[in-house]
Amino acid sequence: MSTVLQDPQTIETPNYLNAEYGWKSWLFTTDHKRIAVLYMISITVMFVLGGIFAGLIRLELLTPQGDLVNSDTYNKFFTMHGIIMVFFFLIPSIPATLGNFLVPMMIGAKDLAFPRINLLSWYIYIAGALFALIAIVMGGVDTGWTFYTPFSSTFSNTFVITAAVGVFIAGFSSILTGLNFIVTIHKMRAPGMTWGRLPLFVWAHYATSLIQVLGTPVVAITLALVGLERAFHIGIFDPAIGGDPILFQHMFWFYSHPAVYIMILPGMGVISELVSCFSRKAVFGYSFVAASSIGIAVIGFLVWGHHMFVTGMSMYASLYFSLLSFLVAVPSAIKVFNWTATMFRGSISYDTPMLYAFGFIGLFTIGGLTGLFLATLAVDVHVTDTYFVVAHFHYVMVGGMVLAYMGGLHFWWPKITGRMYPEGWAKFSALLVFVGFNLTFFPQFIAGYLGQPRRYHAYAPEFQVYNVLSTAGATVLGVGYIIPFIYFMWSLKYGPLAGNNPWKAKGLEWQTTSPPPTYNFETPPIVTEEAYAYAAHKEEHGG
Amino acid sequence: MPPPPWGGLPKQMQIPFLPEAASTTAASVDYLYYYLSAVTVVMSTLIFAAVFIFAIKYRRRSDDEIPEPIHGSLKLEIAWSVIPFLIMLTFFWWGAQIYFANASPPPDAMDVYAVGKQWMWKIQYPEGQREINELHVPVGRPVKVTLASEDVIHSFFIPAFRLKHDVVPGRYDSMWFTATKPGRYHLFCAEYCGTEHSGMVGWVTVMSEPDYENWLSNGGAEGTMVQQGERLFGQYGCSTCHQLDQQGRCPILRGVYGSRVQLNDGKTVLADDAYIRESILNPNAKIVAGYKSDVMPTYVNQINEEHLLQLIVYIKSLAITKAPGAVAAPGTEGKK
């Protein structure tokens, strides 16, 4: 390593990073790859912020008394953790970074269909994030990320409108990204890149984009109505002025349930790429995996009522939402089975991205199966609004989504930066993340079934043992996040050169140089084979 | 759970794994939970084992190795879509059965009234007892809790009963249970409701029938809920217009509760708790046929939820003049 430190190799090929220098070349860029990097930096800042709030929550919950901060402060901690992580990290995470970088490259395009709208979406995101940050600096918000009425619209004394405006604005950035992807995937595919040859990452982003475009306006409207009620006392949700508080929940979850698929679908797309590459095999059941993304996007719009089984909603409505919630689990199950089957008779290597894919499959399986508990009416009545839900959600969102993002980052880092990271450290931190994650969130399933309600500043002493385990796990998880941050930064200057295709992966993005040139390909690619045709050469000769 | 013969661990070292089961629902939810957990363990073990075995067995042995492609199998796809879904249907069916059984209380359930208010539970009994953050119920008798909120959404959660129900302002909800085991159990607010949300907790005390009767006979100094409601009926001036035995300016309320009321727009409405609540707070919403609107003033912001419940219990008592003393039959609560 010391020789590397003394003599870092330099990348000579013209690429999107050395094409221009100076801050203006970044802030006014329309290159989807540079915008992806801008997003990557922004969401990392938000992730760190959201993570700090998570750390403070876990620190407070180490003891049952609620003795670190006062209740109002604690309530702001979990609210800001949720708002930042959901709206400013998870939703943009993979689509706006890896998706932005890779969707055009994977379909053989020079850029997205609307490069300037792409840049606009980043500025809109930043504007939204600034509002959220202003809300924090001014004193915070205490409504929970779900903004339930009439608490948020009438009773809370915190900066609800500022935070809601932030989320409202950020929503438009999400809509524009989705719109850009849909048009790009329809219109900009390279010759020969038929729908049946699209990488599953692209299919997942297509499905995600549909939800972003169709769902996000609804949450924008909902939050606007909360703002109107709060500012002008127009009775919409508060029964004291003629509104209906349950109406808010219907509107909020109509978006926010599909939104969890905005968060997880791109992660599933990443896993399809990783499992295929590190098994050197086409994804088993390509068309089923592609169709399941669309299935999730469609059915995902019809299950929002499963968040409301104890609100006094009609029991027949509950029945319908319960049944459809089981149905939406089927496409997710299809994906897990197909990834597993892809490994069958593959050539499996244990590079860091694949370790994250293993982790994803395990944790997403648990996250998905515990979702079935919540779809089961009588069990949901007991565990809803307890730590069981918190555990389930984090298994899907952190165990699933964040692991997929980490796996994707490690997989495409050599393409994005042209350099490799230290493999040993990467494997070690992947292990830390996996162990730390399970230690943090598995005990919460038990605490939840025991009855520990979520969003409790102080809790009954019998839950303490599980909370101590959780906090210990969160510490390990935190270290698991910090190590990659350090070695990624290190690799930018000192990492060994990666070459164009360090994993011997299929996919158009690996056929160009690393980092790619500004317009991605020296000559526009022509596609002549299916996705993941690892054995194409073999098939030709061997028959 | 009885202690094991060797005495078990000292209490401080016992790690709870399941909450106490103290209602008829608790046992059935637990069985379903065991079933779901068993399926979860089996399914995840199968998947983990497959991933683990494949990862070892098919590990890359040389860097230029290219395995034979396998493109998929329609039969397998159908199998692993349909079989899991059929298993899920058993979850669905079982869960729905318990949920439906819990949806409406048996006709002989005793009434208790709970009002959620930032940040406390105010409980009152038809017999007149009132308490804060404490609920006393007899063992073995179905209890129906009518839920109202003074401000934001709360949720009435008793883990030992495996039951919770949101308490939504502006309307009545209810839940019911039959406690099976004397003891003291947590009562939590499960819907985030502001600053002291985690302090909005109390205890449910399940008592033997004699203990409960004994408890009930102490207290209730202000009279039964019917008596309290009757007093309020006078205090708020209701009785000036709603006379009981002769026609005043407003409808006679005797016998109204539980009947179908003819409205002046031609519709009829069931006179249940929700209807009476609305008629007190927003009298012009539904006008009885033959009466004018704007005669009765609104009582919104003048009567708190506890008093509203007392008035409703009083009006309910007027419906059953033939059998005085009997506990009012529970109305069929309207669901919006």
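Every chain is numbered from 1, with letters handed out A, B, ... down the list of sequences. Bear in mind the structure is a predicted one, so any value in this text is a computation, not a measurement.
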Report the distance from atom [atom1] of [X] to atom [atom2] of [Y], rounding to the nearest 0.5 Å.
X         : Y         : atom1 : atom2 : answer
His186(B) : Gln452(A) : NE2   : CD    : 10.5 Å
Tyr456(A) : Cys189(B) : OH    : SG    : 5.5 Å
Ser349(A) : Glu65(B)  : OG    : CD    : 10.5 Å
Thr90(B)  : Phe326(A) : OG1   : CZ    : 8.0 Å
Thr311(A) : Ile153(B) : OG1   : CD1   : 8.5 Å
His71(B)  : Glu530(A) : NE2   : CD    : 7.5 Å

Could you tell me whether Tyr35(B) and Phe373(A) have their ring centroids closer than 6.0 angstrom?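 No, they do not, as the ring centres are separated by 6.0 Å or more.
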If you compare all heavy atoms of [X] against all heavy atoms of [Y], which two are closest, and at what distance to 0.1 Å?
X         : Y         : value
Phe157(B) : Gly451(A) : CE2-O, 3.5 Å
Pro84(B)  : Phe337(A) : CG-CE1, 4.0 Å
Cys193(B) : Phe151(A) : O-CE1, 3.7 Å
Thr340(A) : Ala50(B)  : CG2-CB, 3.5 Å

Taking [atom1] in [X] as the centre, count heavy atoms belonging to other residues, nucleotides or ligands within less than 6.0 Å. Is the count above 12?
X         : atom1 : value
Arg60(B)  : CZ    : yes
Tyr350(A) : OH    : yes
Trp203(B) : CH2   : yes
Phe344(A) : CZ    : yes

Heavy-atom cut-off 4.5 Å, strictly under: side chain, backbone, both or neither for [X] against chain A?
X         : value
Leu76(B)  : side chain
Leu89(B)  : side chain
Asp151(B) : both
Phe48(B)  : side chain
Gln97(B)  : neither

Using modelled atom types and a 3.5 Å cut-off, is there a donor and acceptor pairing between side-chain atoms of [X] and backbone atoms of [Y]?
X         : Y         : result
Tyr449(A) : Tyr33(B)  : no
Lys164(B) : His382(A) : yes
Ser198(B) : Ala458(A) : yes
Tyr99(B)  : Ser318(A) : no

Hey, mind stepping through Tyr148(A) and Tyr192(B) against ring pair (Phe, Tyr, Trp, His ring centres under 6.0 Å) and telling me if it holds? CA-CA 9 Å; Tyr148(A) 267 23; Tyr192(B) 173 67; 9.6 Å; no
Heavy-atom cut-off 4.5 Å, strictly under: side chain, backbone, both or neither for [X] against chain B?
X         : result
Thr386(A) : side chain
Phe78(A)  : side chain
Leu323(A) : both

Apply side-chain contact (heavy atoms from CB on, under 4.5 Å) to the pair Val381(A) and Arg162(B), showing each step before the final yes or no. CA-CA 7 Å; Val381(A) 168; Arg162(B) 311 288 186 274; over 6 Å; no
